[in-house]
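Accompanying notes for the structure given below.
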Protein chains: 2
Amino acid sequence: MTRKRTTIKDVSVLAGVSVSTVSRVLNSSGPISEDTRKLVESAATQLKYQPNPLARGLVNQQLGGIGVMVPWIAGPYFGVFLEGIQRVLRETDYRLVVASGQGNRDNEQETLAYLLNNDADGVIYYGERLSAADLEQINPHMKPVVVMGQDPAELPNNIGIDDELGAYLATRYLIDHGHSEIAHISGDPHTHVTRSKLAGYQRALSQAGLPYRSGLVVSSNYTEPGGYQAALKLLAGPAFTAIFCGNDQMAMGSYQALRDFNKRIPEDVSMVGFDDILFSRYMHPALTTVRVPIYEMGMAAASTVLRLLDRTHQEVRSVLEPQLIVRHSVLNLKPTPP
Amino acid sequence: MTRKRTTIKDVSVLAGVSVSTVSRVLNSSGPISEDTRKLVESAATQLKYQPNPLARGLVNQQLGGIGVMVPWIAGPYFGVFLEGIQRVLRETDYRLVVASGQGNRDNEQETLAYLLNNDADGVIYYGERLSAADLEQINPHMKPVVVMGQDPAELPNNIGIDDELGAYLATRYLIDHGHSEIAHISGDPHTHVTRSKLAGYQRALSQAGLPYRSGLVVSSNYTEPGGYQAALKLLAGPAFTAIFCGNDQMAMGSYQALRDFNKRIPEDVSMVGFDDILFSRYMHPALTTVRVPIYEMGMAAASTVLRLLDRTHQEVRSVLEPQLIVRHSVLNLKPTPP
DNA sequence: ATGAAAGCGCTAACAG
DNA sequence: CTGTTAGCGCTTTCAT
C-alpha cells in the first residue's frame with residue numbers, strides 16, 4: 001500500500017529501451033537481439049519487476065484463476081481433492097480459487113456463476129446438483145468446465161472412478177468371505193454415484209446367486225451422523241452379518257451405532273467402506289474399504305481444465321481405478337480361507 | 001470464449017448516456033438524477049452486465065483476492081479453518097485464493113510472496129516458519145497480513161486461542177481424576193503453540209504439587225503416524241496412567257499404538273486430546289479433548305483482514321476460548337467423583 | 001447532473 | 001530487431 005509497484009515502464013527506462021521491447025523479452029514473443037535481452041533481463045531483476053496480472057489479464061482476456069466448487073472445503077474427502085488440484089496448479093500461473101456450495105443448489109449455481117464471471121478461466125465442479133443444462137446456462141462464454149461425480153455419459157469432461165466396480169469389489173469380497181446377508185448403506189438414490197454403487201452391490205449379489213433384499217438397503221447422506229442413523233435403522237430390520245457402506249464417513253458413524261448396540265465388529269457385523277479416507281486405517285478395527293484415488297483425481301481434474309485451456313498442456317497419466325484395501329473389519333465366515 | 005462479454009460501453013449505449021454516468025450509478029459515486037439512475041440500472045440488468053474485475057482492479061489498484069496460506073489444505077483442522085474464512089468472504093467481493101506450503105519453509109515463503117504479488121490484497125498465514133521479519137521482507141507494499149499460530153507478543157494481527165489455558169484445563173482434568181503419572185505427547189518444541197501447551201501442562205502439574213518428569217514428555221509432529229511413534233516411545237519408558245496429547249490426530253495414532261500393545265483405553269491409559277476435530281467423537285472410546293473453535297478462528301481471521309483493508313468492516317465477535325469436551329477416554333481413579 | 005478524456009499496466013499490431 | 005501507438009474495461013478528474 002505504500003509505494004507504487006514497479007511497472008514495465010520503469011524497466012524500460014532503466015534498460016533504455018521501449019516498453020514493447022521489455023514485453024517481448026519477458027514473454028519471449030517477437031525477435032530480440034541477445035544484447036537487449038540481457039539488458040532488459042538484468043534491469044528487470046534489478047528492479048525485482050513483477051508484471052501486473054491485472055493489466056496482463058485485461059489485455060489477454062483472462063481472469064487468471066481456476067475456480068473449484070466443492071460441497072465442502074473441509075472434510076476428509078474434498079480436502080484431499082483440493083490438495084491434488086493445488087499440486088498441479090502450483091506449477092502454473094493460475095491461482096486456485098475455491099468456493100463451497102454447502103450442499104445448497106441455488107448457492108452452488110450462484111457461486112459458480114460468480115466464479116465464471118469474476119475469477120476463473122475454467123472451473124472444476126464437484127457435485128451432482130447442477131446438470132449440463134444448468135452449467136451451460138451460467139457459462140455463456142463456454143469456458144472449460146470439468147465435472148466430477150456425475151454420470152460420464154451425460155456430461156463431457158467428466159472425471160471419475162468406476163464406482164460400480166468398486167462396489168462390486170467390496171460386496172464380492174464380503175461374499176467370498178462367506179457372507180450372504182449383506183446390508184448396504186447407500187446415499188441419495190437420485191445421484192449417479194449412489195446408483196452406481198448400488199448397481200455394483202447388486203451385480204455381486206446376483207452373480208453369487210444371492211437375492212437382493214430391499215429391506216437390507218437404507219439410504220443416507222454420506223456423513224457420520226447419517227451413517228449412525230442408517231445403522232440404527234438396519235439394526236431394527238432383518239438380520240445381517242455384514243454392511244457395505246457407501247463411504248467411510250458413514251462407516252464411522254455405523255461403528256458407533258453398532259457399538260452402542262453391543263455389536264462387535266467384525267465378530268457380529270463385518271464392514272466394508274468406500275473412499276479410504278485417511279482415518280479409515282485408524283478406526284478400530286481398521287476399516288476394509290475401497291480406495292478412491294481422490295488426490296490423483298484432483299490432479300487429473302486440474303490437468304484437464306489446463307489442457308482445455310491450452311492445447312499444449314500435458315495430460316497427467318492417472319489411474320482412476322478403485323482398489324480394495326483389506327484391513328480388519330471383515331470376519332471370514334468360511335472354514336477355509338477363500 | 002465465444003462472444004465478448006458485455007462492457008460498460010454496451011450499457012452506456014443502450015441507456016443513451018456516457019460511460020462515466022454508468023460508472024457513477026453502478027458505484028454510487030457522484031450525483032445522479034433519479035431518472036438516469038433508473039435508466040442505467042434497467043439497461044444494466046437487461047444486458048446482465050457484470051463489471052470486469054480486471055479493469056476495475058487495474059484502476060483501483062487492487063487484486064481482489066484474499067490469500068490464505070496453510071500447511072495443508074486437507075486435514076481435519078485446516079479444512080475447517082478455510083471453511084470459516086470462506087464463510088465470511090462469501091459476503092464480500094473478495095475471492096478466496098488458497099495455497100498450501102506443505103510444511104516446507106522455502107515453499108511457504110515463495111508462495112506467500114507470489115500471492116502478495118499476484119493474487120491478494122491481504123493474506124492470512126497459518127504457520128510458524130516465517131517470522132515477522134520474513135513476512136515484512138516479502139510484503140513490500142505493507143498489505144494486511146494476519147498470522148495464526150504464532151506468539152501474539154511477537155507479531156501484530158495474530159489470532160489464536162489460549163493454548164496454555166487449554167493444556168492446563170486438559171491436564172488439570174486428568175489430575176482431578178486421580179492421575180499423577182501423566183505423559184505428554186508434544187510437538188516441535190521450537191514453536192509457540194507447542195511451548196504454550198507444554199507450559200499449561202507444567203502449570204497444572206506444579207499447581208497440584210506433581211513433579212515434572214521429562215521422561216514422560218515426547219515430541220512429535222501433530223500427525224497420526226507421529227502420534228503412533230510417540231506413544232511407542234512412551235510405552236518403552238517410565239510408567240504412566242494417562243496421556244495429554246498435543247492434538248487429536250496424534251491421539252488417534254496413539255490409540256492405535258496402545259491397542260497394538262494391548263493397553264485398554266481408558267482402563268490402562270487415559271487420554272485427553274486437543275482441537276476436537278470432527279472425528280474425535282467417533283473414536284473408540286470417544287475422545288475427551290480441548291475444543292479449539294477453529295471455524296470461528298477462520299471467520300475471525302478473515303474479518304480481521306477485511307477490517308484492515310477497509311476500516312468500515314465490522315469486526316466479528318468471536319469467542320476464542322478453549323473449552324474442555326468431556327467424553328469417554330479418561331478413567332476416574334478416585335473413589336469419589338471430583 | 002453529465003460528458004470528454006486521461007490513465008491504470010500491459011500486449012499486439014503496425015511501422016520502420 | 002525495435003519503437004510508436006492503439007486499445008483491453010473501467011474509474012475519475014476536469015469541464016460544462
Side-chain angles (χ1 to χ4, degrees), chain A residues 1-41 43-44 47-64 93 116-119 121 140-141 310, chain B residues 1-41 43-44 47-64 93 116-119 121 140-141 310:
Chain A
M1 304 303 206
T2 34
R3 57 176 201 286
K4 281 168 84 281
R5 55 189 285 168
T6 76
T7 75
I8 195 174
K9 188 86 209 295
D10 301 325
V11 179
S12 78
V13 169
L14 179 67
V17 298
S18 75
V19 292
S20 43
T21 302
V22 177
S23 175
R24 281 191 195 96
V25 349
L26 264 29
N27 300 296
S28 337
S29 54
I32 289 289
S33 82
E34 199 47 39
D35 290 350
T36 46
R37 130 162 295 117
K38 281 195 214 122
L39 203 59
V40 170
E41 271 166 356
L47 262 34
K48 297 194 212 308
Y49 170 66
Q50 299 284 121
N52 183 326
L54 259 22
R56 204 172 241 186
L58 186 57
V59 22
N60 293 339
Q61 304 271 30
Q62 49 179 34
L63 268 2
D93 278 332
L116 251 5
N117 259 312
N118 299 283
D119 304 334
D121 296 319
H141 301 280
D310 166 19
Chain B
M1 302 308 206
T2 32
R3 58 178 200 286
K4 281 166 88 280
R5 59 188 281 168
T6 77
T7 74
I8 196 174
K9 188 87 208 298
D10 301 324
V11 178
S12 78
V13 168
L14 179 66
V17 297
S18 76
V19 293
S20 38
T21 300
V22 177
S23 175
R24 281 192 195 95
V25 350
L26 263 29
N27 301 296
S28 338
S29 55
I32 288 290
S33 80
E34 198 47 38
D35 290 349
T36 44
R37 131 159 296 117
K38 283 196 213 119
L39 203 60
V40 169
E41 272 167 355
L47 260 35
K48 297 194 213 308
Y49 170 67
Q50 299 285 120
N52 183 327
L54 258 24
R56 205 171 240 186
L58 185 56
V59 25
N60 293 337
Q61 305 271 31
Q62 50 179 32
L63 270 2
D93 278 332
L116 251 5
N117 260 311
N118 300 283
D119 303 335
D121 297 318
H141 299 281
D310 166 18

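Naming: A, B, ... by sequence-line order, numbering from 1 per chain.
- Under a 3.5 Å cut-off, the side chain of B:Arg5 and the backbone N or O of A:Asn117 do form a donor-acceptor pair.
- Nearest-nucleotide assignment on DNA chain C puts the 5′-proximal partner with B:Ser20, out of A:Val19 and B:Ser20.
- D:dT12 atom P lies 11 Å from atom CD of B:Gln61, rounded to whole Å.
- In this structure, B:Ala15 and B:Leu39 approach most closely via the heavy-atom pair O-CD2, 3.2 Å.
- Applying a 4.0 Å cut-off to non-hydrogen atoms, the residues of residues 22-38 of chain B that approach DNA chain D are B:Ser23, B:Arg24, B:Asn27, listed by residue number.
- Atoms CG (A:Leu47) and P (C:dC10) sit 12 Å apart, rounded to a whole Å.
- Whole-Å rounding puts the A:Asn52 CG to C:dC10 P distance at 6 Å.
- A:Leu54 has its CG atom 15 Å from the C1' atom of C:dT11, to the nearest Å.
- Legend: residues meeting side chain to side chain contact (heavy atoms under 4.5 Å, CB included) with A:Arg24, ordered by chain and number and at least two apart, are A:Ser20, A:Thr21, A:Ser29, A:Ile32.
- Partners of A:Leu14 according to the side chain to side chain contact (heavy atoms under 4.5 Å, CB included) rule, which considers only residues two or more places apart in sequence or in another chain, are A:Ala43, A:Gln46, A:Leu47.
- Between A:Thr6 and A:Lys48, every side-chain heavy-atom pair lies at or beyond the 4.5 Å cut-off.
- Listed nucleotides C:dA12, C:dC8, D:dG9 differ in distance to A:Asn60; the shortest reach to its side chain belongs to C:dA12.
- Rounded to an integer number of Å, the gap from CG of B:Asn117 to P of C:dG9 is 14 Å.
- Residues A:Leu63 and A:Asn118 are not in side-chain contact: their nearest non-hydrogen atoms beyond the backbone lie 4.5 Å or more apart.
- Comparing D:dG3, D:dT11, C:dG9 against the side chain of A:Ala55 picks out C:dG9 as the nearest.
- For the pair B:Asn52 (side chain) and B:Leu54 (backbone), a donor-acceptor distance under 3.5 Å is present.
- Taking the side chain to side chain donor-acceptor pair (under 3.5 Å) definition, one finds that A:Ser23 meets it with A:Asn27, sequence neighbours left out.
- Between A:Asp10 and A:Thr7 there is a side-chain heavy-atom pair separated by less than 4.5 Å.
- When rounded to the nearest whole Å, the span between CG of A:Asp93 and P of C:dT11 equals 12 Å.
- Look at A:Thr21 and you'll find a side-chain N or O under 4.0 angstrom from OP1 or OP2 of D:dG3.
- Residues passing the side chain to side chain donor-acceptor pair (under 3.5 Å) test with B:Ser12, sequence neighbours excluded: none.
- Between the C1' atom of C:dA4 and the NZ atom of B:Lys9 lies a distance of 12 Å, rounded to the nearest Å.
- Comparing the end axes of the helix from C:dA1-D:dT16 to C:dG16-D:dC1, each fitted to five base pairs by superposing C1' atoms of four pairs onto the next four, gives an inter-axis angle of 50° (nearest 10 degrees).
- Considering only the side chain of B:Tyr49, D:dC10 comes nearest among D:dG3, C:dG3, D:dC10.
- Nucleotide C:dA12 holds its C1' atom 14 Å from the CZ atom of A:Arg56, rounded to whole Å.
- Comparing atom distances between the B:Leu58 side chain and each of C:dC8, C:dG3, D:dC10 picks out C:dC8 as nearest.
- For B:Ser18 and C:dG3, the shortest distance from a side-chain N or O to OP1 or OP2 is below 4.0 Å.
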